[in-house]
Structure formats: C-alpha cells, structure tokens
Amino acid sequence: MDSVRVRFAPSPTGHLHVGGARTALFNWLFARQHQGTFVLRIEDTDLARSTTESVDGILEGMRFLGLDWDEGPEKGGSYGPYFQSQRLTLYRRYADQLRRDGWAYECFCTSEELEAMREEARKNKEDPKYDGRCRRLTAAEREERRDQGRTSVLRFKTNYDGSTILDDAIRGRVSFDNRQLDDFVVQKTNGMPTYNFAVVIDDALMEISHVIRGEDHISNTPKQIQIYGALGFTVPDFAHIPMILGPDKSRLSKRHGATSVTQFREEGYIPEALVNYLALLGWGYDDSQTVFSVSELIDKFSLERVSKNPAVFDLQKLEWLNGVYIRDLDLETLYERALPFFVKAGFAERRPSQEEKKKIQAVLASLQSRIRRLDEIPQAASYFFGDIAEYDAKAVRKVLLKEGTAEILEYVAGELAALPGFEEEDLKPVFAQAMEEFDCKLGKIMQPVRVAVTGTTSSPSMYEVLPVLGRDEAVRRLRKAQQIISQRWEAEQT
Ligand code: GLU
C-alpha cells in the first residue's frame, strides 16, 4: 500500500461524542497499523456554531483516549493550516478555478425563491432540489443582477448523466444515480465554502489516501467525487462506518445517557476500556474475543471486518469492560486515574502527602475488584475518610440488633484496643480467638464488626479495612455500634 494518510475532521460545534471518537479511533488504528499518518483537521467554517471551547474539548478528549495525531492543531505539519477557517484563500482559489473552467456558476436566487421551489417540489411529492434556473442565465443577465447589487452563491454544475460508482471498503460497491443530485452550493454568499467543497480541497491537498468516516456522509460522497473530477484531483479510497444506535434502535443521542467522551470520563470510565469498547462498535475480530489491548487493536483492526450493520451501544457491556480494566491496573496507575475522584469527594488534596497517598492506595487496593467505575469511589470509600454518614437500616436490624452481638463487639473492641500492631497478621489471631470464645463461625464475628466499622453488610475484607482505619478509629466505631445497640434495646423496652 502506498503511504497511508488518514484524517479525523470534526466540526467544533459541541463535545467529542462517541460517534466521533469511534471515527477518530478507526482512523488512528488504520494509520498506526500501516505506519501511516493520522491528521487532525478542524472543520470550523460554520463560524456561528464553531467555538474554541469545543476545539479544546475535542483535543482533550482525543488526548484522554490516547489518540495522538501526527499533524494538526498544536502539532503543525507540512500540509497546514489544519483549521479550515485559516484556509479560506485556498477555497476561493479553487472556487474561481471551477467557475473559470465552467464547472460552477453564480446563483442569484433569493431565499424566498428557493423556498417557493421547495414548496412546489413538496406539492408534487418530489425531492426538494434546486431546479438549475441560474445555470441558464446569460452573461448579460448575470451582469445585470450583479449591477442590481444582488448577492450570489456559487453552485456546482452537476453531471446528471449515468451514475457515480463508489467502491467502499465497508459497504462494497455502491451506485448512485446522478439524476438524484442537484446543482449544490460550493461557496456561500459570505464567501465561505460549503462542507462538500472544502472537504474535497482539503482531502486532496492534504493527500489523504483513505477517507474513513460515518455513514451519514455516504450521500455526500457522489457530490464530492464529482468535485474531485472537476478539479482533476485523485479520488481517495472511502470507508463509511455504520451508525451507532441506542438500545431502542434509534440513533444514539443524549436521550440515551452520556454520549460525550468528557461525560464518560467524569463518570469514571478509563481510557483503555473506552477505546476497547469503541473499537467493538461495528468491528470485531472473532466472536470469542472482547478484551483487546491497544497494541492488539493496532495489530488486528481491519476495515474488512467492520460491519455494514448499525452498532448498538450497550452501556452495561462498557461498564463491565471498565471493571475488567480497573481490576487490571497496577496500583500506581489506578491511583493516578482515581485521585481526581477522591479530590472531588473531598477525601484528598490535589497534591496528597506521602501518608495520604499510602492511605488512598490501600483504600484502592481493597476496592479495586469491587467497582466498575471510578465515580463509585465517593460512596464506596466514604467510611474510610470520615464517620459513617448513615448506617444501612437493614444491616442494623439484621446484624447489630441480633442477640449476643453487643458482647461480641465488646470483646473484639477490647482485644483490638490492646494490640500493639494493626496489620492483617496482628488482627487474625484476635478473630480466631473470638471464634473460640463465642463458639461460632468467623462470619458471626466479622459481620457485626463490618457493620460497626462500615455501616453496611458488604465491604472489602476486614483485614483490609481495619488497618486503613487504624486502631483508634476502629475501636471508636465498635464502641459507637455498642451504643447504638443499647439505645435501640432501651427504646424498644419503653
Ligand atoms: N466535519 C465533518 C463532520 O464532522 C467531517 C465529515 C467527513 O469526515 O468528511 O461530520
């Protein structure tokens, strides 16, 4: 294969959402697999809707996912500029060329005229298309309209003969009947290029070898192919990726929950899991494999294995994958990823001391196998960082208020208070003795202790929780639980 140059070309009018991120990922994987170049181009010709916040958000989302670009914003490159708004002279030059060569003409139709045309088409149950009336203007008529100060757009002289064939790497051979097209606008009244025009100039001048993008653009492709022809540019290869649907099979949107990379990040998804999951939206290697590392994806990805059918976004699967990746992280990386969630919950400073860090890591080690998302941390870890906010009522009733529990807690509190060390190996003998003392199974001792120190019946092992809390705090909570028990008993007497 000649050298591969692919691009991701977002319009900065909102967040980087799942669909865009997946398009970026497929391009990136393709580039990395072929030792090619991944270009990031910002399509910001819609001045009213494009914002710098959106550009920043997109770049941040890409960085979060690890999709580094070889050319583009902040990086530069020899095919720049990489913002369409900085390429306007180029578009003008090619618009002039189209007009000069008789491939485009000025259209003076007003919006009222165009609306009437559309209305007429609707009445006749036809597609609302431009009827080409300005194509037929004589030079004198055009002159006259210019003299009247009428503004114009530039329309492409579409070829209506035959059909345009697209050999799509994913969809296969697609044939478009050229009569379905119309003379579409390439340059607006304000001199700005339309998407279909600018994208061709840029892809051609940036020597893009493969255009990999969402299937929503497939109907634009025959128009673009005609422009390539008119300007004498080589047509790149195309691959149109299937759409992403929500569980109700309608196109994925905000209604279905989080859709932007930023949102997923805030909800505690980690990039490895997101990248893995995005890759599975429309692509698969074989049915048996779900978990792919990035290097495996680079190795195994291929456009041939991208499905023609829409992909359904399955949040549960993403959550499950996230849990798999969280369990797999080494403690230092998990700590880095999770720290912002501790900070947000008020459990840690932005720059924790060594001691704080040790505690957070110990908490994480105990929670690592129990959480699927990092944003579960505030709730799952709250009892490590402050008093129990609320005891689970059922746990109190079923465990603490059971006959004999007060004695068990009394015993354990007394033994723990006297321990010189407070690590697992120090704690184990205390619980072993307690089993003998009360002639019962370990659970009968552990469960009340668990409720006393965490407020719930489900938590990591006490051998992990108690050392993190430390002796004084552990004993204080056991005593407090004893108080709760006696208060409840008294309340029931009266
Ligand atoms: N700016 C277009 C979009 O965001 C790019 C489409 C394309 O890749 O050609 O949809």
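Nothing fancy with the numbering, it's 1 onward along the sequence. Order of listing sets the numbers, starting from 1, for every ligand and every atom in it.
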Which of the numbered atoms in ligand 1 are below 4.0 angstrom from a heavy atom of R213? 7 (C), 8 (O), 9 (O)
Which of parallel (below 30°), tilted (30 to 60°) and perpendicular (above 60°) describes F264 and F313? tilted
Identify the closest protein heavy atom to atom 8 (O) of ligand 1: which residue and atom is it, and at what distance? R7 NH1, 2.6 Å
In this structure, does ligand 1 have an atom that sits under 4.0 Å from one of the heavy atoms of F8? no
Mind checking whether W103 and F156 have parallel, tilted or perpendicular rings, split at 30° and 60°? parallel
Within a distance under 4.0 Å of any heavy atom of S11, pick out the atoms of ligand 1 and give their elements. 1 (N), 2 (C), 3 (C), 4 (O)
Is there a salt bridge (charged side-chain N to carboxylate O under 4.0 Å, His left out) between D127 and K129? Walk through the geometry before answering. CA-CA 6 Å; D127 275 350; K129 285 195 291 204; 5.2 Å; no
Residue, atom name and distance, where the atom is the protein heavy atom closest to atom 10 (O) of ligand 1: H217 NE2, 2.7 Å
Hey, what's the ring geometry for F292 with Y285, parallel, tilted or perpendicular (30° and 60° as the breaks)? perpendicular
Give the numbers and elements of all ligand 1 atoms closer than 4.0 Å to a heavy atom of V199. 9 (O)
Please could you name the atoms of ligand 1 that E43 approaches to less than 4.0 Å, counting only its heavy atoms? 1 (N), 2 (C), 5 (C)
Check: F184 ring centre within less than 6.0 Å of Y130 ring centre: no
